[in-house]
Amino acid sequence: MATKTQTEVRKFMQGLIKRNAGEPEFHQAVEEVVETLMPHVLENSQYREAQILERLTEPDRIIIFRVTWEDDEGNVRVNRGWRVQFNNSIGPYKGGLRFHPTVDLSVLKFLGFEQIFKNSLTGLPMGGAKGGANFNPKGKSDREVMRFCQAFMSELQRHIGEDTDVPAGDIGVGAREISYLFGQYKRLSNRYAGILTGKGLSFGGSLVRKEATGFGCVYFCENMFNRIGDSIEGKTVAVSGSGNVALYAAQKALQLGAKVVTMSDSSGFIHDPSGIDRDQLEFIKELKEVKRGRISEYTDTFTDATFHANKRPWSVPVDVALPCATQNELSSDDARELLKNGVKAVCEGANMPTDLDGARAFVKAGILYGPGKAANAGGVAVSGLEQSQNAQRLSWSAHEVDARLQGIMHDIHEKCVWHGADGTNVNYVRGANLGGFVKVAEAMLAYGIV
Ligand code: NDP
């Protein structure tokens with residue numbers, strides 16, 4: 001980075017950290033964006049005069065609320081809920097809900113901020129938002145989860161709507177939770193409207209939504225390989241996580257002829273050197289989605305595989321890494337290890353899974369590095385398609401939705417190449433940030449000072 005840019009980034013970050021003290025994930029997400037956007041902003045006086053970066057990093061509004069519910073023993077329980085409505089310049093707010101004990105304002109602001117760029121990259125009219133609660137669904141009965149979701153929606157319903165804000169799932173919020181949330185919205189509002197995405201197929205959900213983030217991540221990875229005349233076929237792949245994104249990323253990688261050798265959860269990772277085949281992947285789906293078990297149980301049945309407690313899979317030598325679990329799950333040490341072992345591509349299914357220094361190391365090494373805002377945009381893209389189907393009161397076929405998803409991932413890749421070309425290489429971090437920024441910034445300029 002040139003010195004003037006560095007100075008401006010430093011000044012900007014000092015102000016942001018002061019205004020948003022104690023929010024490290026938010027600082028990290030903004031720094032990554034601002035250090036790539038600053039040269040462009042310095043070259044374009046209209047952005048500086050309109051304080052676009054300052055406005056873009058200040059949420060439109062944040063709603064914080066108490067969620068009171070009753071557990072199976074009759075105890076009163078209290079959690080905190082949030083909705084961060086970050087920016088609606090190019091469409092109604094859109095972004096997932098996360099239920100996890102680590103959820104706080106910093107995490108939701110980082111996620112909502114990244115969502116602005118991601119949603120813009122899809123080419124669909126969606127603003128950026130994120131929400132959730134510090135509720136842990138793990139170990140809770142279905143009835144407890146239902147009562148929590150109903151209590152959460154009792155407040156959230158005041159702030160959402162198909163033309164205002166359309167939440168979806170994220171960590172800890174899957175098909176079960178979305179169903180309870182939608183049922184409660186319908187009961188309170190007496191309206192049947194597409195106010196959530198990721199719904200069940202019998203009540204307005206879209207085919208391929210469940211698969212979309214994982215499939216889209218692998219489509220993006222394949223686009224990166226194809227640009228350099230290569231393919232994911234025949235490559236060895238490490239996947240982290242075993243939730244919604246990880247399961248379908250692994251499935252698509254298998255379908256395209258790759259060998260997936262790892263999956264994980266918050267207790268550790270499994271390594272199956274001969275590759276997880278389709279039946280074994282079905283076993284993991286059943287284990288995690290239906291039985292709500294632990295990934296370590298895989299090795300009870302498939303004894304050639306090993307379980308590594310409290311470790312991440314990045315020490316396993318692979319051609320491709322697909323981090324699909326959570327933020328900051330791939331440190332700069334992990335990045336160095338992957339590079340030392342000859343990794344060719346890292347494509348992020350999760351949001352901000354690589355820390356700042358790790359991401360810089362991938363960019364510097366010139367490997368194919370697809371950041372989450374571009375690579376995992378397939379989920380929100382198909383959510384956007386679910387909204388279109390709801391508005392039309394139609395359901396498209398799986399083939400049609402998947403074809404549109406592939407088209408959208410291809411277009412996002414092209415935008416990244418256009419904005420991120422760096423000699424013969426592509427800096428996909430700059431490409432994604434700039435590609436997402438331009439449309440939002442132009443809309444903000446057009447609205448005047450609001
Ligand atoms: P799920 O809840 O379905 O799965 C999360 C997975 O990550 C689980 O295997 C979980 O393990 C693991 N995990 C969670 N926290 C940690 C941790 N601290 N350390 C290690 N592993 C952890 O969530 P999703 O698959 O939906 O989301 C995964 C990531 O993808 C998130 O970053 C999310 O923001 C992002 N994303 C999701 C989209 C979607 O459509 N769902 C869209 C775009 C991005 P365990 O079972 O032990 O909790």
Side-chain angles (χ1 to χ4, degrees), residues 96 98-100 137-140 142 145 168-179 197-202 205-219 221 232 237-308 312-313 320-326 329 347 349-350 353 376 378-379 382-383 398 401-402 405:
R98 179 177 290 192
F99 292 168
H100 196 272
K138 232 178 265 169
K140 303 286 190 304
D142 281 352
V145 171
D170 191 76
I171 292 179
V173 180
R176 173 181 63 170
E177 290 76 16
I178 291 289
S179 305
T197 58
K199 299 186 291 298
L201 293 177
S202 58
S206 174
L207 287 161
V208 193
R209 173 59 189 92
K210 183 174 65 168
E211 296 86 351
T213 310
F215 278 18
C217 175
V218 175
Y219 291 146
C221 193
I232 196 171
V237 179
V239 174
S240 68
S242 49
N244 174 263
V245 179
L247 288 168
Y248 294 99
Q251 181 172 319
K252 185 52 72 178
L254 284 185
Q255 277 172 7
L256 296 186
K259 181 162 112 173
V260 176
V261 293
T262 72
M263 295 200 76
S264 72
D265 64 19
S266 52
S267 52
F269 79 93
I270 52 136
H271 180 207
D272 192 335
S274 52
I276 297 165
D277 66 20
R278 279 179 61 161
D279 291 342
Q280 288 165 318
L281 187 60
E282 286 307 313
F283 174 94
I284 300 175
K285 266 190 206 168
E286 169 89 8
L287 175 70
K288 297 298 290 188
E289 287 187 329
V290 183
K291 297 183 181 150
R292 298 187 187 269
R294 308 307 299 156
I295 197 73
S296 56
E297 294 169 48
Y298 179 89
T299 55
D300 299 341
T301 304
F302 304 105
T303 49
D304 286 349
T306 47
F307 175 64
H308 305 261
R312 299 144 163 180
V320 178
L322 303 177
C324 296
T326 192
E329 55 160 318
C347 199
N376 71 33
V382 173
S383 276
V401 179
D402 190 42
L405 170 63

Separation of Leu281 CG from Met263 CE (nearest 0.5 Å): 6.0 Å
Ser264 side chain vs Gly241 backbone, donor-acceptor pair below 3.5 Å: yes
Give me the one residue out of Asp272, Thr306, Thr303 that meets side-chain hydrogen bond (donor to acceptor under 3.5 Å, both in side chains) with Tyr298. Asp272
In Å, rounded to the nearest 0.5 Å, how long is the span from CG of Asp265 to NZ of Lys288? 3.5 Å
Apply the test side-chain contact (heavy atoms from CB on, under 4.5 Å) to residues Asp279 and Phe302: give CA-CA distance (whole Å), side-chain angles for both, the deciding distance (0.1 Å), then the verdict. CA-CA 11 Å; Asp279 291 342; Phe302 304 105; over 6 Å; no
Gly169 versus Ile178, closest heavy-atom pair with distance: N-CD1, 3.8 Å
If you define the side chain from C-beta out and look only at heavy atoms, does anything of Val245 sit under 4.5 Å from Cys217? no
Between the main-chain N or O of Glu329 and the side-chain N or O of Arg312, is there a donor-acceptor pair closer than 3.5 Å? yes
Approximate separation, where rounding is to 0.5 Å, of Thr326 OG1 and Ile171 CD1: 4.0 Å
Shortest non-hydrogen contact from Val145 to Glu177? CG1-OE2, 3.8 Å
Atom pair CD (Glu282) and CD (Glu289), whose distance is rounded to the nearest 0.5 Å: 9.0 Å
Nearest heavy atoms of Ala398 and Val208, plus distance in Å: O-CG2, 3.6 Å
Answer yes or no: is there a donor N or O on one side and an acceptor on the other, between the side chain of Thr262 and the main chain of Ile270, under 3.5 Å? no
Would you check if the side chain of Lys259 reaches a backbone N or O of Pro273 as a donor-acceptor pair within less than 3.5 Å? yes
Rounded to the nearest 0.5 Å, what separates atom CG in Leu254 from atom CD1 in Ile232? 10.0 Å
With a 4.5 Å heavy-atom cut-off, do Val261 and His271 have their side chains touching? yes
Stepwise side-chain contact (heavy atoms from CB on, under 4.5 Å) check, Phe307 with Ile295: CA-CA 8 Å; Phe307 175 64; Ile295 197 73; 3.9 Å; yes
Identify the heavy atoms of Arg294 and Leu287 that sit nearest to each other, and give their distance. O-CD2, 3.2 Å
If we only count heavy atoms from C-beta on, is the Ile276 to Ile284 side-chain gap below 4.5 Å? yes
Interatomic distance, CG@Leu256 vs CZ@Phe215, rounded to 0.5 Å, equals 9.5 Å
Where do Val382 and Arg209 come nearest, in terms of heavy atoms and distance? CG1-CA, 3.6 Å
Treating Glu286 as the side-chain partner and Phe283 as the backbone partner, does any N or O pair qualify as donor plus acceptor under 3.5 Å? no
Between Leu201 and Lys210, is any pair of side-chain heavy atoms under 4.5 Å apart? no
Parallel, tilted or perpendicular, as decided by the 30° and 60° cut-offs, for the rings of Phe269 and His308: parallel
Side chain to side chain, Gln251 and Lys285, heavy atoms closer than 4.5 Å: yes
Could you pull out the closest heavy-atom pair between Ser266 and Lys138, with the gap in Å? OG-NZ, 3.5 Å
